[in-house]
Number of protein chains: 2
Amino acid sequence: MKKEKTISESEWVVMEYLWENPLATITEIRKALSANGWSDSTIKTLVRRLVSKKAVAINDEEPVFRYKPLLSKNECRLKETKSFLNRVYNGSVSMLVTNLASESNLNEKETAELLSLIEKMGKD
Amino acid sequence: MKKEKTISESEWVVMEYLWENPLATITEIRKALSANGWSDSTIKTLVRRLVSKKAVAINDEEPVFRYKPLLSKNECRLKETKSFLNRVYNGSVSMLVTNLASESNLNEKETAELLSLIEKMGKD
DNA sequence: ACCCAAAGTTTACACTTGTAAACTCAAACG
DNA sequence: CGTTTGAGTTTACAAGTGTAAACTTTGGGT
């Protein structure tokens with residue numbers, strides 16, 4: 001069993017940026033993320049940790065290093081979604097959606113339609 | 001700013017049990033959860049932490065202590081769901097559902113219907 | 001040729017989480 | 001009554017996270 005390193009909340013923010021800007025330099029990353037109130041050091045640490053988790057790779061052809069995500073946004077999302085679903089909703093998509101629906105303002109009929117569609121998704 | 005103590009993954013398992021069995025005694029909790037491979041001590045620690053996080057209350061009227069959840073499953077779920085949505089899907093329900101739909105086997109038309117329903121939910 | 005700022009590396013430190021042993025105290029058993 | 005046992009409390013300890021300072025090296029400017 002490998003370790004299955006997870007991406008932490010703060011690290012996600014960095015990943016989001018890298019997904020939008022693959023091959024960014026640190027300067028770029030710093031510029032963009034310092035708005036979050038993070039210091040230089042913090043950002044460097046986050047990037048370094050992502051590299052050591054093999055979520056980001058370093059391109060060191062040129063004088064400057066460029067950082068590139070190794071995992072796609074989609075695969076990360078799916079993984080997170082799955083673990084979230086299991087933890088909070090026993091893996092049941094329909095329960096999740098029911099909850100979302102009840103939080104917003106769908107009426108009875110709409111909710112029913114929604115659920116029947118979800119059912120078609122097969123394994124909830 | 002209050003601390004916003006969060007319930008960890010392991011603690012969540014304990015909460016699940018308490019939601020099903022409010023006012024359970026430790027012995028009961030232990031019996032039920034030792035199946036997860038946790039030692040006695042571990043379970044006691046988890047319960048204690050939940051108490052200190054004010055997620056669980058102690059009823060000490062009788063000789064034995066009984067533990068009771070202070071937060072409902074629904075409110076915990078909603079809170080988790082919201083933070084998950086923000087973290088992973090920028091708070092967009094429709095993006096989440098799109099992703100779930102694409103993972104299963106909805107066809108074009110079904111997916112479209114699903115999305116239009118989700119749109120009716122207002123704020124994505 | 002020399003200094004500085006920025007890139008990259010090392011070290012730090014408190015808090016949370018997973019996991020659990022050790023200790024204390026009272027009730028139950030024999 | 002003394003001993004075992006389980007409930008509750010204290011202490012432990014490594015890994016992960018948030019957050020960042022300090023140190024080192026090096027290309028660019030003067």
Side-chain angles (χ1 to χ4, degrees), chain A residues 1-18 23-68 79-80 83-84 87-88, chain B residues 1-18 23-68 76 80 83-84 87-88:
Chain A
M1 309 292 131
K2 73 176 65 59
K3 290 275 95 162
E4 269 305 316
K5 292 290 181 187
T6 57
I7 292 172
S8 81
E9 183 156 348
S10 298
E11 288 162 359
W12 255 92
V13 177
V14 177
M15 289 304 278
E16 294 272 7
Y17 179 78
L18 288 177
L23 292 179
T25 64
I26 308 252
T27 319
E28 289 163 351
I29 302 177
R30 284 203 302 106
K31 288 275 169 53
L33 301 187
S34 57
N36 292 46
W38 283 331
S39 83
D40 241 51
S41 281
T42 301
I43 296 173
K44 285 190 270 180
T45 299
L46 293 175
V47 172
R48 180 175 51 74
R49 285 182 183 162
L50 284 169
V51 170
S52 78
K53 283 178 183 181
K54 304 251 198 290
V56 164
I58 297 180
N59 243 222
D60 60 349
E61 294 147 28
E62 343 227 333
V64 265
F65 279 21
R66 287 180 177 280
Y67 299 88
K68 178 178 56 145
K79 196 163 149 256
E80 288 292 318
S83 92
F84 161 76
R87 187 163 59 88
V88 178
Chain B
M1 309 290 132
K2 71 174 67 56
K3 290 277 94 161
E4 268 307 316
K5 292 290 180 190
T6 57
I7 292 171
S8 81
E9 183 153 350
S10 298
E11 288 163 359
W12 194 274
V13 176
V14 177
M15 288 304 279
E16 294 272 9
Y17 179 78
L18 287 177
L23 291 179
T25 65
I26 307 254
T27 318
E28 289 164 352
I29 302 177
R30 284 204 301 105
K31 288 275 169 52
L33 302 187
S34 57
N36 294 46
W38 284 330
S39 83
D40 241 51
S41 282
T42 300
I43 296 173
K44 285 191 267 179
T45 300
L46 293 174
V47 172
R48 181 174 52 74
R49 286 181 182 164
L50 284 169
V51 170
S52 76
K53 284 179 182 181
K54 304 252 199 289
V56 164
I58 298 179
N59 243 222
D60 61 349
E61 294 147 27
E62 342 228 332
V64 266
F65 280 19
R66 287 180 178 279
Y67 298 88
K68 179 179 56 140
C76 287
E80 289 291 318
S83 90
F84 161 75
R87 187 161 60 85
V88 179

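Owing to the predicted nature of the structure, the values given are computational and were not obtained by experimental measurement. Lettering of chains follows the sequences in order, A, B, ..., and the numbering in each one begins at 1.
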Separation of atom CH2 in A:Trp12 from atom P in D:dT17, rounded to whole Å
14 Å
Tell me, which pairs form a side chain to side chain donor-acceptor pair (under 3.5 Å) where one or both residues lie in residues 43-58 of chain B, sequence neighbours left out?
B:Glu11-B:Lys53
Tell me which residues in residues 50-58 of chain B lie within less than 4.0 Å of DNA chain D, going by non-hydrogen atoms.
none
What is the distance from OH of B:Tyr67 to P of D:dA7, rounded to the nearest Å?
9 Å
Inter-residue atom distance A:Ile29.CD1 - A:Ile43.CD1, 0.5 Å rounding:
8.5 Å
Taking every heavy atom of B:Trp38 against every heavy atom of B:Ser10, the minimum-distance pair comes out as CH2-O, 3.6 Å
With sequence neighbours left out, write down each residue that passes side chain to side chain contact (heavy atoms under 4.5 Å, CB included) with B:Ser39, or none if nothing qualifies.
B:Ser41, B:Thr42
Can you confirm whether the side chains of A:Trp12 and A:Glu16 place a donor and an acceptor under 3.5 Å from each other?
no
Can you tell me the distance, in whole Å, between the CE atom of A:Met15 and the P atom of D:dT17?
14 Å
B/S/- along nucleotides 20-27 of chain D (protein heavy atoms under 4.0 Å) is BB------
Just the rounded figure in Å: distance from C1' of D:dT17 to CG of A:Leu46.
9 Å
For A:Leu33 and D:dT19, what is the distance between atoms CG and C1' respectively, to the nearest whole Å?
15 Å
Rounded off to whole Å, could you give me the CD1-to-C1' distance for the B:Ile26 and D:dG8 pair?
7 Å
Please name all residues satisfying side chain to side chain contact (heavy atoms under 4.5 Å, CB included) with B:Glu9, sequence neighbours left out, ordered by chain then number.
A:Arg87
Would you tell me if any nitrogen or oxygen in the side chain of A:Lys5 comes within less than 4.0 Å of OP1 or OP2 on D:dA15?
no
Can you give me the closest heavy-atom contact between B:Ala24 and B:Glu28, atom names plus distance?
CA-OE1, 3.0 Å
Nucleotide D:dT17, atom C1' - distance to CD of B:Glu9 in whole Å
16 Å
For A:Ala55, what residues pass the side chain to side chain contact (heavy atoms under 4.5 Å, CB included) criterion, not counting sequence neighbours?
A:Ile7, A:Met15, A:Leu50, A:Leu71
Report the C-alpha distance between B:Tyr67 and B:Ile58 in whole Å, list the side-chain angles of each, state the deciding distance to 0.1 Å, and finish with yes or no for side chain to side chain contact (heavy atoms under 4.5 Å, CB included).
CA-CA 5 Å; B:Tyr67 298 88; B:Ile58 298 179; 3.7 Å; yes
Does a nitrogen or oxygen in the side chain of A:Ser10 sit under 4.0 Å from OP1 or OP2 of D:dG18?
yes
Tell me the interatomic distance from B:Arg87, atom CZ, to D:dT17, atom P, rounded to whole angstroms.
11 Å
Phosphate oxygens OP1/OP2 of D:dT17: is one of them under 4.0 Å from a side-chain N or O of A:Ser8?
no
